[in-house]
Amino acid sequence: SSPVNWLEKLLDSFEDVNYHREAAPLYDMIEHIKYQNEYGSNEVTRENIDESLYRFKRECENTLENIIGSTLRIDEEEMN
């Protein structure tokens, strides 16, 4: 199973429980990874993947914050 397959399974799980907003950046990240796999890595593809991952984490953070009522933080340093 490739990383893309794993991410697609994760995407399906999010959508199965109606977390479509949270899953949208994950879908984008999968598409960027597939593009990178086909055409090669460059600065733009890496930035797109990193940005999608950051947005995915942010959406999950916001949802969890709404569920439990406390602030969870994602540090930008973790992204690098």
Side-chain angles (χ1 to χ4, degrees):
S1 183
S2 72
V4 170
N5 295 116
W6 186 85
L7 291 171
E8 287 173 332
K9 288 178 184 178
L10 180 61
L11 176 66
D12 289 343
S13 293
F14 269 80
E15 291 180 339
D16 285 348
V17 292
N18 293 321
Y19 284 116
H20 299 282
R21 180 180 49 82
E22 294 82 356
L26 185 57
Y27 174 81
D28 293 340
M29 185 170 60
I30 291 167
E31 292 304 307
H32 292 309
I33 292 170
K34 287 178 178 180
Y35 182 91
Q36 178 178 276
N37 289 346
E38 187 169 339
Y39 298 104
S41 178
N42 60 49
E43 186 175 340
V44 173
T45 58
R46 288 188 300 272
E47 286 176 5
N48 288 340
I49 290 168
D50 289 346
E51 177 62 26
S52 295
L53 179 59
Y54 180 79
R55 289 186 306 113
F56 173 66
K57 287 181 172 184
R58 179 66 62 203
E59 289 293 344
C60 291
E61 177 185 84
N62 290 340
T63 297
L64 289 171
E65 184 178 313
N66 288 333
I67 292 171
I68 62 174
S70 67
T71 303
L72 301 172
R73 297 189 52 109
I74 297 173
D75 295 324
E76 286 191 36
E77 291 178 6
E78 291 178 21
M79 295 298 298
N80 297 324

Calculate, to the nearest 0.5 Å, the distance between atoms [atom1] and [atom2] belonging to [X] and [Y] respectively.
X   : Y   : atom1 : atom2 : value
L11 : K9  : CG    : NZ    : 13.0 Å
L7  : F56 : CG    : CZ    : 8.5 Å
N66 : E61 : CG    : CD    : 10.5 Å
Y35 : N42 : OH    : CG    : 7.5 Å

With a 3.5 Å cut-off and sequence neighbours excluded, list the donor-acceptor pairs that the side chains of residues 21-33 form with protein atoms.
| from | atom 1 | to | atom 2 | distance (Å) |
| --- | --- | --- | --- | --- |
| R21 | NH1 | E59 | OE1 | 2.1 |
| R21 | NH2 | T63 | OG1 | 3.3 |
| E22 | OE2 | T63 | OG1 | 2.3 |
| D28 | OD2 | R55 | NH2 | 2.8 |

N48 side chain to T45 side chain, donor-acceptor N/O pair below 3.5 angstrom =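 No donor-acceptor contact under 3.5 Å links the two side chains.
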Is there a path from V4 to Y39 through hydrophobic residues (I, L, V, M, F, W, Y) whose side chains come within less than 4.5 Å of each other?
-> no
Do N5 and S2 pass the side-chain contact (heavy atoms from CB on, under 4.5 Å) test, and can you show the C-alpha distance, the side-chain angles, and the key distance before you say yes or no?
-> CA-CA 5 Å; N5 295 116; S2 72; 2.7 Å; yes
Please step through side-chain contact (heavy atoms from CB on, under 4.5 Å) for the pair C60 and F14, ending with a clear verdict.
-> CA-CA 10 Å; C60 291; F14 269 80; 3.9 Å; yes
Looking at R46 and E43, does any basic side-chain N land under 4.0 Å from a carboxylate oxygen?
-> no
